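Notes follow once the structure below has been shown.
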Amino acid sequence: MRSRGGRDWNAASFGQKLAAFAGLAFLHIPVWVIVLYAFTTEDRTYQFPPPGLTLRWFAVAFAREDIWAALRLSLSVASVATAMAILLGTLAAFALAHSRFRGREAITLLFVLPIALPGIITGIALLSAFKLGGIQPGFWTIVTGHATFCIVIVHNNVIARLRRLPQSWVEASMDLGADGVQTFRYVILPQIATALLAGGMLAFALSFDEIIVTLFTAGHEQTLPIWFFNELFRPRERPITNVVAVSVVLITMVPILLAYRLTRPREFESK
Amino acid sequence: MTPAIELAGVSRLFGAVRALDEVSLAVAPGEFFALLGPSGSGKTTCLRLIAGFDRPTHGNVMLDGENVTNIPPFDRSVNTVFQDYALFPHMSVAENVAYGPKVRGVSETERQRLALEVLELVRLAALADRSPAQLSGGQKQRVALARSLINKPKVLLLDEPLGALDLRLREEMQIELKAIQQQVGITFVYVTHDQGEALSMADRVAVFREGRMEQLDSPRALYERPRTAFVARFVGSANVVEGELARSITGAPRAFAIRAEAIEVLATGAPVPDGALCCEGVLEDLHYHGATSRWHVRTDAGPAIAAVRSEGLPTAATARGSRVRLAWSRESIVLLTDT
């Protein structure tokens, strides 16, 4: 495995390593800047270095009722959208995983499309549809908008797992006397549980920080991302947005790390 | 006596393909019944209809005299051992075996007792707490068998159960399966493409070809009196002589089968006993098999004929390309119906 120069051709050169780390740094330094300015004493400009460090913005943010309202709305929207996605996405995955019928590919494409479509298209389409139907924008319109892409996430996760499930397991279960419900509960659900959980967590995280579709469907409601968006135009108390951002990063990290762990191939499966 | 299984004029069509075509058969209670045929012959379709995974396009499936054609698999007293074993990977061996009683609502302690009992029967009680991933192919096979037997079905269906095992293990399991079948007295329906397996284990064998049942007979009858050229070739590896060659040997164009071990190989022009049938040809190949050798002779009329001779018999010249005479008695041929 040696090149003519005697160097291991499979190893990266110093320049490549440097470029890789520079790329990573470029992606992560802004996050750390946000963390840093959550503690600054200067509340109007992002002055570097910060003139002083303080924890007072955490107390200020904690006392602001509009932040709590936005957070509550975002959490409820994400929970309801995820629950809908788990139910409908799983049902759709079952319908499409093993059956063969005319138009199956077309339906799959229609199903996955919302995630490929730009959010602005989904947003405008939903907005005009709601207006046409005379539906007032509010909690349920936001949930509907988020569900369009959350369903896809769950569907994709579950269908990938279902396709790896041998059909003979289902047949064996039925053969041994289990009806459809028992087969789902004892054989299929344990096999797709991690896929459901991972899909659900990703869907939750996506819904939680969605802004484009939300802008069109929220009406006067303010989810957390919209709160951020509006806060940027205020000249004072800038560090409060940073405090909220840091909290959100910490909170969303948990489900994303869990989802990552759960979807890793388990060791005994490969035997 | 009411048959354990009866298929009455059963057909299964997939689009225009006749996977199973007007099959009627009856399996007696306690019988070891084999469905034999090459892949795509309809034997597995037949099994799936009996299990209830599939429904016939025409005809009826009867179990123990009861028409079950429209009854789902979980309401039939039939269990299946799958080709890939289909063990549930998230359950231990004991949990897999106890699955049937569990879904029927048997209590935890009672089903543990039942599972151990049946694991004892397949000599796997020691591995009850293992996960299926930790078992060898032969052990998985036994777990699958135990999981089916625990339900005490009237009929056990086995779909190429030994297909994934190596030769030595396969021979061991053949003996064991047969012994277990005699011990529990359950009707076994055994799907295989291996004629040796079917002949050595089954009481009766149904030979399938292209969705039709070609012949249903005891192993001995199938081997000694095949009715069609297909059965003669597939079950007995016999030579099928037809057309011009048949006419030149017997004087009639009707096809007949002649088993390779019934053919003598002589020097060209050698005298043959009165009434014997013979033909001549060129030795194409000679395969040594230890106790026997297999001679491939290209007859002058065109088709090749194989003869199997024990070593040490006085035979003709063994060089490839030399001319030989093949001879056999008139009694050893089996006349076939049209292929």
Side-chain angles (χ1 to χ4, degrees), chain A residues 90 93-95 97-105 157-200 258-259 261-271, chain B residues 14-15 44 47-48 50-54 71-92 95-106 111 130-136 140 143-153 155-160:
Chain A
T90 308
F94 269 93
H98 288 296
S99 56
R100 293 267 173 281
F101 56 87
R102 187 185 289 271
R104 193 180 75 113
E105 294 308 316
N157 263 279
V158 173
I159 205 165
R161 190 66 65 88
L162 280 181
R163 290 217 165 111
R164 288 206 310 251
L165 268 180
Q167 192 61 22
S168 65
W169 291 359
V170 174
E171 288 182 350
S173 170
M174 299 278 224
D175 184 71
L176 291 165
D179 58 26
V181 176
Q182 287 173 319
T183 298
F184 179 77
R185 183 169 151 207
Y186 295 130
V187 177
I188 297 173
L189 195 57
Q191 291 297 325
I192 65 167
T194 53
L196 266 182
L197 205 55
L258 272 177
R261 278 185 70 91
L262 287 173
T263 44
R264 272 191 314 187
R266 280 168 294 170
E267 276 171 52
F268 66 85
E269 273 183 346
S270 57
K271 273 186 201 166
Chain B
F14 294 103
T44 299
L47 190 89
R48 294 176 60 82
I50 300 172
F53 302 138
D54 200 1
I71 291 188
F74 46 85
D75 286 333
R76 298 187 185 196
S77 182
V78 171
N79 285 122
T80 309
V81 174
F82 290 83
Q83 190 170 9
D84 64 357
Y85 316 132
L87 300 179
F88 307 132
H90 55 287
M91 299 182 197
S92 72
E95 284 168 343
N96 262 284
V97 174
Y99 187 78
K102 178 177 172 180
V103 296
R104 277 183 287 106
V106 175
R111 59 178 194 254
R130 293 259 183 106
S131 116
Q134 296 170 298
L135 302 182
S136 71
K140 284 182 190 163
V143 176
L145 188 65
R147 190 175 66 172
S148 299
L149 286 174
I150 198 170
N151 282 346
K152 302 200 169 59
V155 174
L156 187 69
L157 307 175
L158 302 103
D159 186 8
E160 306 251 3

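Since the structure is predicted, the reported quantities are computational estimates derived from the model, not experimental observations. Lettering follows sequence order; numbering is per chain, from 1. No hydrogens, no waters, no symmetry mates; every other heavy atom, side chains included, goes into these values.
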Could you report the tightest heavy-atom contact between A:Pro166 and B:Asp84, atom names first, then the distance?
CB-OD2, 4.3 Å
If I measure from the heavy atoms of chain A, does B:Asn151 come under 4.5 Å with its side chain, its backbone, both, or neither?
side chain
For the CZ atom on A:Arg185, are there more than 12 heavy atoms of other groups (residues, nucleotides or ligands in this structure) within a distance under 6.0 Å?
no
Could you go through A:Val187 and B:Tyr99, starting from their C-alpha distance and side-chain angles, then the distance that decides it, and tell me whether this counts as side-chain contact (heavy atoms from CB on, under 4.5 Å)?
CA-CA 10 Å; A:Val187 177; B:Tyr99 187 78; 3.4 Å; yes
Got a second to check how far B:Arg76's CZ is from A:Met174's CE, nearest 0.5 Å?
12.0 Å
Calculate, to the nearest 0.5 Å, the distance between atoms OG and OH belonging to A:Ser168 and B:Tyr85 respectively.
12.0 Å
Any sub-3.5 Å donor-acceptor pair from A:Asp175's side-chain atoms to B:Pro73's backbone N or O?
no
Which atoms of B:Arg147 are under 4.5 Å from chain A, going by heavy atoms: the side chain, the backbone, both sets, or neither?
both
Search all heavy atoms of A:Trp169 against all heavy atoms of B:Ala86 and return the closest pair with its distance.
CD1-CA, 3.6 Å
When heavy-atom pairs shorter than 4.5 Å are enumerated against chain A, which of B:Gln83, B:Lys102, B:Arg104 gives the highest number?
B:Lys102
A:Gly177 and B:Val103 have their tightest heavy-atom pair at C-CG2, 3.7 Å
Pick one of side chain, backbone, both or neither for B:Ile150, based on which atoms fall under 4.5 Å of a heavy atom in chain A.
neither
